[in-house]
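Just below is one structure, and these are the notes that go with it.
By convention in this document, chain letters (A, B, ...) are assigned in the order of the sequence lines, proteins followed by strands, and residues within each chain are numbered from 1.
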2 protein chains.
Amino acid sequence: MAKPQTSGLETHLGYWLRYVSNHVSHAFARKLEARGVTVAEWALLRALFDHDALAPSEIAGNMGMTRGAISKLTDRLEAKALILRTQSRDDKRWQTLALTASGRALVPKLAALADRNDEEFFGHLTATERQAIAEAMRTIVRRHGFKNIPTE
Amino acid sequence: MAKPQTSGLETHLGYWLRYVSNHVSHAFARKLEARGVTVAEWALLRALFDHDALAPSEIAGNMGMTRGAISKLTDRLEAKALILRTQSRDDKRWQTLALTASGRALVPKLAALADRNDEEFFGHLTATERQAIAEAMRTIVRRHGFKNIPTE
DNA sequence: TATTGTTATACTCTATAACTATA
DNA sequence: TATAGTTATAGAGTATAACAATA
């Protein structure tokens, strides 16, 4: 009748999610490494692929990172010639970020790596299982009002 | 007929797991902060709760961390008087780590925080849903031979 | 030599806060 | 003053590698 007083690590669903997520993410990071980018850089490049000309502070809001973190991230991406900073004429405090030609060319290749990584870890699940898990995760995001794009 | 060439972030199950896992883990970290420990420290303390007198290199193997990382971790835990380092008599290269009285008293309180955190994020799911997700994760761990205990 | 634990270095991401330039 | 972007600092985590002590 007495519940165990001290639950173990493996009794928590959060433990299992973190366990798998860490490995999946690290495997993805190793794949991206061959292209010279990190997971955070991939997330930003992918965002610019759809919405070019975003301002750093907008990105900070979308991705749940601080402006300082975005500043360092864009430093690295600019040094790799994957994005371009442009000052706004109207308000010189604002910048807009956009992909360079080589940045835009790279994104589909990175997306293919993401596809391959997902297939590697979740390919054995049925489509129904994958959808059920994804839906459960989306529900949790909705219920808790998460605003960040994960970058780890 | 043509598949989209450049898949988006949200098309990958790995993205959703990382998204939710990061938030769940950060929420847990904030709860642990009130007790002055990190998630990595919690995982080590919980391991010692079951298997006292582990050697740092054994822990490194179990948790998938380097010996250097364990060394820093045990430095902090010893400074907080939660664990004790003891040199082995037989082979002076070996140490054994064990919980102090206050360390042992703390673990059940941390476990309660973990229970509460899990309930907060996954409590709305049915037992069947939770078990299905946990089982899917365990299967992935088994298939890929993961060896690390997640500490982020 | 091989192994244990420690230390040093470097990098990523996180967070806070001070700083500049502009409005 | 308020805001955008930068920079500095500090901490936790990762990884590699050199190191001393011991076997």
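- In this structure, B:Q95 atom CD and C:dT3 atom C1' are separated by 13 Å, rounded to whole Å.
- For the pair B:T96 and B:S88, the minimum side-chain heavy-atom distance is 4.5 Å or more.
- Of the candidate nucleotides C:dA2, D:dG5, D:dG13, C:dA2 has the atom nearest to the side chain of B:R93.
- Here the P atom of nucleotide C:dA21 and the CH2 atom of A:W94 are 20 Å apart, to the nearest Å.
- Applying the salt bridge (charged side-chain N to carboxylate O under 4.0 Å, His left out) test to residues at least two apart or on different chains, the pairs with a partner in residues 23-35 of chain B are B:K31-B:E120.
- Relative ring orientation between B:Y15 and B:Y19 is described as perpendicular, the plane-to-plane angle rising above 60° on a 0-90° scale split at 30° and 60°.
- The shortest distance between side-chain heavy atoms of A:Q95 and A:T74 does not fall below 4.5 Å.
- Within residues 80-92 of chain B, the residues that have a heavy atom under 4.0 Å from DNA chain C are, in order of number, B:R85.
- In this structure, CD of B:E58 is placed 13 Å from C1' of C:dG5, rounded to the nearest angstrom.
- One interatomic measurement links the two molecules: CD of A:E33 to P of C:dC11, which rounds to 13 Å at whole-angstrom precision.
- In this structure the side chain of A:T11 never reaches within 4.5 angstrom of the side chain of B:D118, judged on heavy atoms.
- Close to D:dG5, at under 4.0 Å from its OP1 or OP2, lies a side-chain N or O of A:S57.
- Side-chain contact check for A:I140 versus B:H23: every heavy-atom pair is 4.5 Å or farther apart.
- Taking atom CD of residue B:E41 and atom C1' of nucleotide D:dG13, one finds them 12 Å apart after rounding to whole Å.
- With respect to the salt-bridge test (charged N to carboxylate O, under 4.0 angstrom), the residues A:E119 and A:R116 do not qualify.
- Going from atom CD1 of A:I59 over to atom C1' of D:dA4 covers 13 Å, rounded to whole Å.
- To the nearest 0.5 angstrom, B:I83 atom CD1 is 6.0 Å from B:L44 atom CG.
- Listed by residue number, B:T66, B:K72, B:R76 are the residues of residues 66-76 of chain B with a heavy-atom contact under 4.0 Å to DNA chain D.
- The interatomic distance linking B:L54 (CG) with C:dT4 (P) rounds to 14 Å, in whole Å.
- Among C:dT12, C:dT3, D:dG13, the nucleotide with an atom closest to any side-chain atom of B:A40 is D:dG13.
- The distance from atom CZ of B:R18 to atom P of C:dT14 is 11 Å, rounded to the nearest whole Å.
- Salt bridge absent: B:R46 and A:E10 never bring a charged side-chain N and a carboxylate O closer than 4.0 Å.
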